[in-house]
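The block underneath contains the structure these notes are about, expressed in C-alpha cells.
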Amino acid sequence: MDFPLLTVTAAVPAVGAILTAAVPAARRTAAKWLALFFSLATLALAVLIAVRFEPGGDRYQLTESRAWIADFGVRYELGVDGIGVVLIGLTALLIPFVIAAGWHDADPLETTSKRWRPTQGFFALILMVEAMVIISFEATDVFLFYIFFEAMLIPMYFLIGGFGDRAHSGSDENAAAQRSYAAVKFLLYNLVGGLIMLAAVIGLYVVAGNFSLQEITAARAAGTLDMATNTERLLFLGFFFAFAVKAPLWPLHTWLPNAMGESTAPVAVLITAVVDKVGTFAMLRFCLGLFPDASKWATPVILVLALISIVYGALVAVGQRDIKRLVAYASISHFGFIILGIFAMTSQGQSGATLYMVNHGLSTAALMLVAGFLISRRGSRLIADYGGVQKVAPVLAGTFLIGGLATLSLPGLAPFVSEFLVLVGTFARYPVVGIIATVGIVLAALYTLVLYQRTMTGPVKEEVRTMPDLRVREVLVVAPLIALLIGLGVYPKVLTDIVNPAVEHTMSDVQQTDPKPEVVVDAKNGEAAK
C-alpha cells in the first residue's frame with residue numbers, strides 16, 4: 001500500500017492543533033513553538049507533494065480511495081491536480097508566517113477588564129483551519145469536500161469573534177460588539193451558502209448515484225450520464241452560490257470588510273489569502289467539472305458580476321479611511337479578476353486565475369502583515385493617524401511599499417503575470433469585458449499609492465515620531481514573502497508548468513478551445529491575412 005501522503009499532510013496540522021490546545025495555560029511560549037513546528041512540518045509535506053507530482057502525468061495523482069459511508073455512496077477519496085498542488089503549497093507556506101506574525105496577538109491583556117486571551121486556543125484554531133483547507137483542496141468526493149468546506153467556518157468564527165484587533169477606537173465593550181457582529185455575519189453568510197449547496201449535493205447524488213468527482217466527470221464524458229438541462233442549471237447555481245459567498249463575489253461580499261477589519265492582521269490574512277481561495281478553487285474543480293453546460297450558460301451573468309466586483313471593490317477602496325478595510329475591498333476587486341479568468345473559458349484566463357490565487361495570497365499577506373505591524377505600533381487603523389513613517393521606520397515603509405506595488409500588479413512582481421494572463425485570456429473571447437476590466441488596474445494604482453503617500457510620506461506626526469522599525473522576527477516574516485513576489489514575477493514558469501496541464505483538463509471538461517486570432521501572419525511572406 002502506498003504511503004497516504006495527502007491524508008498525512010492534512011492530518012499533521014490537525015494533530016498539531018490538538019496538541020497545542022492541550023498545552024498547559026502557563027506555558028504559552030511552548031504552545032507557540034509547538035504550533036510553529038507543526039506548520040513547518042506541514043510545509044515540508046506540501047513540498048514533498050510538489051516533488052512527487054508529475055505535471056505531465058495523470059490528471060489526479062497521489063490518489064487515495066476508501067469506503068466510508070457505503071450505503072450512501074460516500075467515499076474517502078483524495079487526489080491532487082496541478083491547481084490543487086500549488087494551492088496546498090500556498091496554504092502550507094503562509095501558515096508559518098501567520099503564526100510568527102501573530103506571536104503576541106493572543107497574549108493576555110493587562111487591562112482593567114482582565115480579559116483572558118487563550119493563547120493556546122488561538123494557535124490551535126489556526127492549525128485546524130489549515131488542516132480543513134488542505135483537505136478541501138485534496139477531496140475528490142463531493143460530500144467529503146462539502147463537510148470540510150463547511151467545517152472550517154467553526155474555527156474561523158472563533159478566530160474572528162474571540163481574537164479581534166486590539167487597535168479599536170471605541171471602548172472594550174464596543175470592540176467586543178463589533179467583533180461579535182463581524183463573526184456572526186461571516187458565519188451566517190457562509191452557512192446560508194452552505195445550506196443551499198447541501199441541497200445541490202443531495203440533488204447531484206439523486207442524478208448521478210454517487211459523489212465521486214472522477215466517476216461523474218468520466219460518465220459525462222462517455223455520455224452515460226445525462227442530466228436534464230434545467231436540473232444541471234439548478235445544481236450549478238446551488239454550488240456556485242456557496243462558492244461565490246466564500247470567494248467573495250459582489251453582491252455576496254459584504255461580510256469580508258467586517259471580518260477583516262475586526263480580525264487581527266494574521267487572521268485577516270488567513271481569511272482572504274487562504275480560506276477564500278477554496279471558493280475560487282471549487283469553481284474550477286466542481287462547477288466547471290460537474291456542470292460544464294450550465295457553466296457556459298451562466299457565464300455572461302458571472303462575467304458581469306466579476307466586472308462589478310473589480311470596479312466596485314477598487315472604487316470603495318479608494319475612499320476608505322481604515323487601512324484594513326481598504327485591503328479588504330482591494331481583495332474583493334482582485335477576486336473579481338480571478339473569477340473573470342475562470343469564466344473567460346480560455347487557457348490563458350484560467351492559468352492566470354490560478355496564478356492569481358497564489359500571487360494574491362502572497363501580496364495580500366505581505367501588505368496586510370506589514371500593515372498589522374504598523375497598526376500595532378500606533379494603535380490605530382485610521383489612515384489619517386499616520387504620516388512620515390518612512391523617515392522614522394524606513395524598513396517598515398519599504399516593505400509596505402513593495403507589498404502595495406505587488407497589490408497594484410507592478411511589472412516585475414508576481415501579480416502582474418497573473419493579471420496580464422487573465423486580461424489577455426478574457427480579451428481573446430470577450431474583448432469588451434477585457435477592456436472594462438482594465439479600469440481596475442488604474443484604480444488599484446490610485447488606492448495603493450494614495451495609501452502609501454498618506455501614511456508613509458509627508459511631515460512626521462508626533463504620534464509616530466518614536467515608532468520603532470521592524471524587529472528581527474517581523475523582518476523574517478516579511479522578507480521571504482517579498483522574495484517570492486520578486487522571484488515569481490521574474491520566473492513564473494515554476495508554477496505555470498504545474499498549472500497548465502490541469503487547466504487543459506478543465507478546458508476539456510467544458511469542451512472549449514482557445515479562440516483563434518483573427519489575423520494570422522504568413523511566416524514566409526511576412527504578410528497578414530484574416
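Every value quoted in this text rests on a predicted model; they were computed, and no experiment measured them. Starting from 1, each residue takes its place in the sequence as its number.
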Sequence neighbours excluded and cut-off under 3.5 Å, please list the side-chain donor-acceptor pairs for residues 311-320, or say none.
from, atom 1, to, atom 2, distance (Å)
Y312, OH, H253, NE2, 3.4
Q320, NE2, V316, O, 3.4

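- When only modelled atom types and interatomic distance are considered, E262 and Y181 share no side-chain donor-acceptor pair under 3.5 Å.
- For K246 and F149, the positive end sits near the middle of the six-membered ring, less than 6.0 Å away and at most 45° from its axis.
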Using atom types as modelled, flag every donor-acceptor pair under 3.5 Å from a side chain in residues 95-103 to any protein atom, sequence neighbours excluded.
none

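- Of all heavy-atom pairs spanning L413 and I402, the tightest one is CD1-O, 4.1 Å.
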As a quick check of understanding, evaluate side-chain contact (heavy atoms from CB on, under 4.5 Å) for I332 and I310, giving each step before the final call. CA-CA 7 Å; I332 292 169; I310 291 169; over 6 Å; no
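- Not a single side-chain hydrogen bond (donor to acceptor under 3.5 Å, both in side chains) links T455 to another residue, sequence neighbours left out.
- Residue F163 comes nearest to T264 through the heavy atom pair O-CG2, 3.2 Å, listed as atom of the first residue, atom of the second, then distance.
- The CD atom of Q350 sits 12.5 Å away from atom CE of M283, with the distance rounded to the nearest 0.5 Å.
- More than 12 heavy-atom neighbours from other residues, nucleotides or ligands sit within 6.0 angstrom of OH on Y452.
- Taking every heavy atom of both residues into account, A414 and N359 meet most closely at O-ND2, 3.0 Å.
- Annotation for R378: atom CZ counts as buried by contact number, over 12 foreign heavy atoms lying within 6.0 Å.
- Rounding to the nearest 0.5 Å gives a distance of 8.0 Å between CE of M152 and CE of M132.
- Side-chain contact of Y386 with S380: a donor-acceptor pair under 3.5 Å is absent, judged by distance alone.
- In this structure, CG on L198 lies 11.5 Å from CG on L191, to the nearest 0.5 angstrom.
- Rounded to the nearest 0.5 Å, atoms CD1 (I88) and CG (L43) are 12.5 Å apart.
- Closest approach of S263 and I160 over heavy atoms only: OG-CG1, 3.6 Å.
- Taking a 6.0 Å sphere around CZ of F281, one finds it holds more than 12 heavy atoms contributed by other residues, nucleotides or ligands.
- Shown here is R27, whose CZ atom has no more than 12 heavy atoms of other residues, nucleotides or ligands within 6.0 Å.
- With sequence neighbours excluded, no residue satisfies side-chain hydrogen bond (donor to acceptor under 3.5 Å, both in side chains) with Y157.
- For the ring pair (Phe, Tyr, Trp, His ring centres under 6.0 Å) condition, the pairs that include at least one residue of residues 357-385, sequence neighbours left out, are H334-H360, F335-H360.
- With sequence neighbours left out, the side-chain hydrogen bond (donor to acceptor under 3.5 Å, both in side chains) criterion links Y146 to no other residue.
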